Amino acid sequence: MLRTHTCGELRKEHIGQTVTICGWVENKRDHGGTIFIDVRDRFGRTQVVVSPEEGEDVLKLAETLRGEDVISVTGQVASRLEGKTNPKIATGEIEIRGHQIQVLNRSQTPPFYPNQEELPGEDLRLKYRYIDLRRESMQRTLLLRSAIIKSMRDYFAEHQFIDVETPVLGRSTPEGARDYLVPSRVHPGKFFALPQSPQLYKQILMVAGYDRYVQVARCFRDEDLRADRQPEFTQLDMEMSFVDADDVMAMIDGLMARLAHQFLDLELQTPLPRISYAEAMRRFGTDAPDLRYGMEIVDVSHLAQQTAFRVFRGAVDAGGYVRGIKVVGQASQFSRKRIDELTEFVKNDFGAKGLAWFRVEPDGSLWSPISKNLEPPVLAGLQQAFDAEPGDLLLLLADSWEVTCKGLNGLRKRLAAELRLYEPGQFHFSWVVDFPMFEKDDETGRWVAMHHPFTSPLDEDLPLLSSDPTKCRAKAYDLVINGYEAGGGTIRIHDSTVQQQVFELLGMSPQDAGQRFGFLLNALQFGAPPHGGIALGIDRIVMLFGGLDNIRDCIAFPKTQRATDLMTEAPGEVDATQLRELHIQTVPPGK
RNA sequence: GGGGCCGUAGCUCAAUUGGUUAGAGCCCUGGACUGUCGAUCCAGAGGUUGCGGGUUCGAGUCCCGUCGGCCUCGCCA
């Protein structure tokens, strides 16, 4: 070892010892005679003092040091002078008298410093990620991530789960997200796909009798990025045999309680609250509602049927809805300009035709640019439906079910953030359950599986598979934390006739199904136990637990929004030779 | 593919309705200084205003295009 101690561990009790520390020069304060150097490693910061009595050589060397140089310092631990301690750092009561300094490596002047007060632009941080990762907050997050993953692994190990690795090179399955493809050199014209999740493998492990499987698995999806979405991300993937949905959720309840206790100092009440998909859509307009605050959606479609006002009446006559939310007591905060911004927001982002709004006047009446179009009983009905008090602001959308859901969810989230309807350290964990089995694909108009085609229907909904599949609900459950989908899972079909029925509903012939998932269907015929599981988004959980607002800050080497790596400049060009070996020809993008 | 915000010194930012030689702090270079911890003080260096066009007597500022970063809709079983 080149050192005897880290930069974070020396205390008063070490006074008198001769030690060697190594680290980066964080700061230098040169008084001409005496020089102070703060040496930093990931464990902390220690002050080194070089005074003239240490000798000409070491003093001269100390003068030349610059930020981010890597040095080792040998010297005696000493008490700081009376009144010169630094309570801001853990080692602030001591300092090292720098008898000997060795420069292990000089640093060029870096584009930015890890301790600079204003964060540089994110592109710079990503290009020089090795410097960005020296920042204390990045190190704190990666340490948190490491600790969370360790705790998860410990938990599952304690519950008899076996960690099994599954392939990264797999077979492309056309459903779901776009695949990242890997060409096969050995098989011209054929491709591997990187896994979107280890879904099929873990089911096969259940057939193989492993009973409880867990893996920290890297997953890949070639879709556009968001603040909470990366093209490669990490799942805590698990699967259990001989269980139903309650068992899987209970297992995760235990994990979440453990993590919340350990990392958030929060005692979760388990079982975690559950809400059905239908209720979530009705009350919050999303399958991942943020339950830290209210501002629930109110449906006033029944009133819209009683008015001649075309905007409202037209929406319901066309099979749509009039629904809205109430901003309590904040009407005065909403200028015309701000409401116009919200209107543009729902138009641009969710395809709403407009935004209707009402201010509740001191006398309790509703004022709005459109109130003259509404009959007094309708206005009274609105006020009653929203339980509107003076000072409240009502925001309504008259549109299809989907647009009212998306728009009101968007408004609700945006306003909650702007109006600070929740505290920074506040958390809400819940389950959303009873998802529909099927949803309509807007492009093709076909029915597709909402989760995946192996999801089991609810037992009581089995008859609906033949009578009214759209009403059929699935044994699917999503873990939602503060409005983010933190995980999702299902109980799988283990009955081949049910599986066939589902394939048929999805428009898949037995031949189609066999071609796509033959290996799984085969496996299911050789003694498949009832089984189910879940995958948790580790990056998102770290993001939430760390109080961060973007997933890149929880990943050591993330991609930009355009799915590139600014540090390595991946993706990059490859040699023609490589392409030839892979039997690949590239076609320039069409205009 | 659509909507939005941003791009000025190595970094973070400023620059009046379009108007003189584009400024500040930090960093960097040199100097002074024996107890600082955002050290201090003095001096200095540092600019293709992302890039390319255009409008104008005159563009960091306005217009068009383009590149890059971020937010978002679509997309993400």
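The structure displayed is predicted, hence computed values, not measured ones. Order of the sequence lines fixes the chain letters, A, B, ..., with proteins taken first and strands second; residue numbering starts at 1 for each chain.
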Next item on the list: Just jot down the side-chain contact (heavy atoms from CB on, under 4.5 Å) partners of A:Ala90, sequence neighbours excluded, or say none.
Entry: A:Arg11
Note to self: Within residues 32-51 of chain A, which residues have any heavy atom lying less than 4.0 Å from an atom of RNA chain B?
What the structure shows: A:Gly32, A:Gly33, A:Thr34, A:Phe36, A:Gln47
Check: Starting at NZ of A:Lys28 and ending at C1' of B:C28, how long is that distance when rounded to a whole Å?
Finding: 12 Å
Next item on the list: Test side chain to side chain contact (heavy atoms under 4.5 Å, CB included) on A:Asp478 and A:Trp431 and set out the steps.
Entry: CA-CA 6 Å; A:Asp478 277 4; A:Trp431 291 103; 5.8 Å; no
Check: Is there a residue in residues 498-520 of chain A whose heavy atoms reach under 4.0 Å of RNA chain B, and which residues are they?
Finding: none
Next item on the list: Verify the contact: side-chain N or O of A:Lys406 to OP1 or OP2 of B:G74, cut-off strictly under 4.0 Å; return yes or no.
Entry: yes
Checklist line | Interface with RNA chain B, restricted to residues 192-207 of chain A and to heavy atoms under 4.0 Å | finding: A:Ser197, A:Gln199
Notebook entry, point to check: A:His31 NE2 to B:U40 C1': how many Å, rounded?
Noted result: 8 Å
Note to self: Reading RNA chain B from 5' onward, which residue's closest nucleotide shows up sooner: A:Gly67 or A:Pro52?
What the structure shows: A:Gly67
Next item on the list: With side chain to side chain contact (heavy atoms under 4.5 Å, CB included) as the test, would you mind laying out the steps for A:Thr455 and A:Ile491 before giving the verdict?
Entry: CA-CA 6 Å; A:Thr455 305; A:Ile491 298 296; over 6 Å; no
Item checked: Pairing of A:Glu122 and A:Arg552 as salt bridge, 4.0 angstrom limit -> yes
Notebook entry, point to check: Hey, is the side chain of A:Arg229 pairing donor to acceptor with the base of B:C76 inside 3.5 Å?
Noted result: yes
Next item on the list: Please confirm whether A:Arg45 makes a cation-pi placement over A:Trp24, using NZ or CZ under 6.0 Å from the six-membered ring centre and within 45° of the ring normal.
Entry: no
Check: According to the Watson-Crick and G-U wobble definitions, with both distances under 3.5 Å, which nucleotide is paired to B:C41?
Finding: B:G31
Next item on the list: Could you tell me the separation between the CG atom of A:Leu411 and the P atom of B:C73, rounded to a whole number of Å?
Entry: 13 Å
Margin query: Please classify the nucleic acid contact of A:Arg226 as base, sugar-phosphate, or nothing, using heavy-atom distances under 4.0 Å.
Written below: base
Item checked: Interatomic distance, A:Glu439 CD vs B:C75 P [rounded to whole Å] -> 10 Å
Next item on the list: Mark yes or no for whether A:Thr343, through its side chain, and A:Ile339, through its backbone, hold a donor-acceptor pair below 3.5 Å.
Entry: yes
Note to self: Looking at B:G19, which nucleotide sits across from it as a Watson-Crick or G-U wobble partner, both distances under 3.5 angstrom, or is there none?
What the structure shows: B:C57
Checklist line | Partner of A:Val19 under side chain to side chain contact (heavy atoms under 4.5 Å, CB included), chosen from A:His14, A:Gln76, A:His5, A:Glu9 | finding: A:His5
Next item on the list: Using a heavy-atom cut-off of under 4.0 Å over every strand shown, decide if A:Asn115 touches base, sugar-phosphate, or nothing.
Entry: nothing
Checklist line | Rounded distance (Å) that lies between atom P of B:G69 and atom NZ of A:Lys127 | finding: 12 Å
Check: Roughly, in whole Å, what's the span from CZ in A:Phe220 to C1' in B:C76?
Finding: 16 Å
Margin query: The criterion is side-chain contact (heavy atoms from CB on, under 4.5 Å); which residues satisfy it with A:Asp30, sequence neighbours excluded?
Written below: A:Lys28, A:Ile35, A:Glu63
Next item on the list: Check the angle between the aromatic planes of A:His31 and A:Phe36 and answer parallel, tilted or perpendicular using the 30° and 60° thresholds.
Entry: perpendicular
Margin query: Test: salt bridge (charged side-chain N to carboxylate O under 4.0 Å, His left out). Region: residues 402-412 of chain A. Which pairs qualify, not counting sequence neighbours?
Written below: none
Check: Does a donor on one side chain sit under 3.5 Å from an acceptor on the other, for A:Asp237 and A:Tyr213?
Finding: yes
Notebook entry, point to check: Taking OP1 and OP2 of B:C76, is either one under 4.0 Å from a side-chain nitrogen or oxygen of A:Tyr180?
Noted result: no
Next item on the list: At under 4.0 Å between heavy atoms, which parts of nucleotides 8-15 of chain B does protein reach? Answer with one letter per nucleotide, 5' to 3': B base, S sugar-phosphate only, - none.
Entry: --SSS---
Check: Roughly how far apart, to the nearest Å, are B:G10 and B:C71 at atom P?
Finding: 26 Å
Notebook entry, point to check: Hey, mind stepping through A:Phe435 and A:Tyr477 against ring pair (Phe, Tyr, Trp, His ring centres under 6.0 Å) and telling me if it holds?
Noted result: CA-CA 7 Å; A:Phe435 282 79; A:Tyr477 31 85; 9.0 Å; no
Check: Among all residues two or more places apart in sequence or in another chain, which pass the side-chain contact (heavy atoms from CB on, under 4.5 Å) test with A:Asp461?
Finding: A:Leu458, A:Leu464, A:Cys472, A:Arg473
Next item on the list: Measure the distance from CD on A:Glu136 to P on B:G38 and round it to the nearest whole Å.
Entry: 15 Å
Checklist line | Distance, nearest 0.5 Å, that separates CD of A:Gln203 from CG of A:Leu520 | finding: 5.0 Å
Note to self: I need the CG-P distance between A:Asp228 and B:C75, as an integer number of Å.
What the structure shows: 16 Å
Next item on the list: Within residues 82-92 of chain A, find the residues that approach RNA chain B with a heavy atom at under 4.0 Å, and present them sorted by residue number.
Entry: A:Lys84, A:Thr85, A:Asn86, A:Lys88
Next item on the list: Applying ring pair (Phe, Tyr, Trp, His ring centres under 6.0 Å), name anything that partners A:His452, two or more places apart in sequence or on another chain.
Entry: A:Phe454
Margin query: List the residues meeting side-chain contact (heavy atoms from CB on, under 4.5 Å) with A:Ile15, not counting sequence neighbours, and say none if there are none.
Written below: A:Lys12, A:Val77, A:Ser79, A:Ile94
Next item on the list: May I ask you to say what A:Arg552 touches in the nucleic acid, namely base, sugar-phosphate or nothing, with a heavy-atom cut-off under 4.0 Å?
Entry: sugar-phosphate
Notebook entry, point to check: Using a cut-off of 4.0 Å on non-hydrogen atoms, how would the nucleic acid contact of A:Phe345 be classed: base, sugar-phosphate, or nothing?
Noted result: nothing
Checklist line | 5'-most by nearest nucleotide on RNA chain B - A:Arg66 or A:Gly176 | finding: A:Arg66
Margin query: Measuring to OP1 and OP2 of B:C67, would you say a side-chain N or O of A:Arg562 lies under 4.0 angstrom away?
Written below: no
Checklist line | Nearest-nucleotide pick for A:Leu126, side chain only, options being B:C76, B:C70, B:C27 | finding: B:C70
Note to self: Using a 4.0 Å heavy-atom cut-off, does A:Glu26 contact any base of the nucleic acid, only the sugar-phosphate backbone, or nothing at all?
What the structure shows: nothing
Margin query: Are A:Leu415 and A:Ile325 packed together at the side-chain level, in the sense that at least one heavy-atom pair is separated by less than 4.5 angstrom?
Written below: yes
Next item on the list: Do nucleotides 1-7 of chain B as a string where each nucleotide becomes B, S or -: B if the base has a protein heavy atom under 4.0 Å, S if just the sugar-phosphate does, - if no protein is that close.
Entry: BBS----
Note to self: Is the phosphate of B:C75 approached by A:Arg178 (side-chain N or O, under 4.0 Å from OP1 or OP2)?
What the structure shows: no
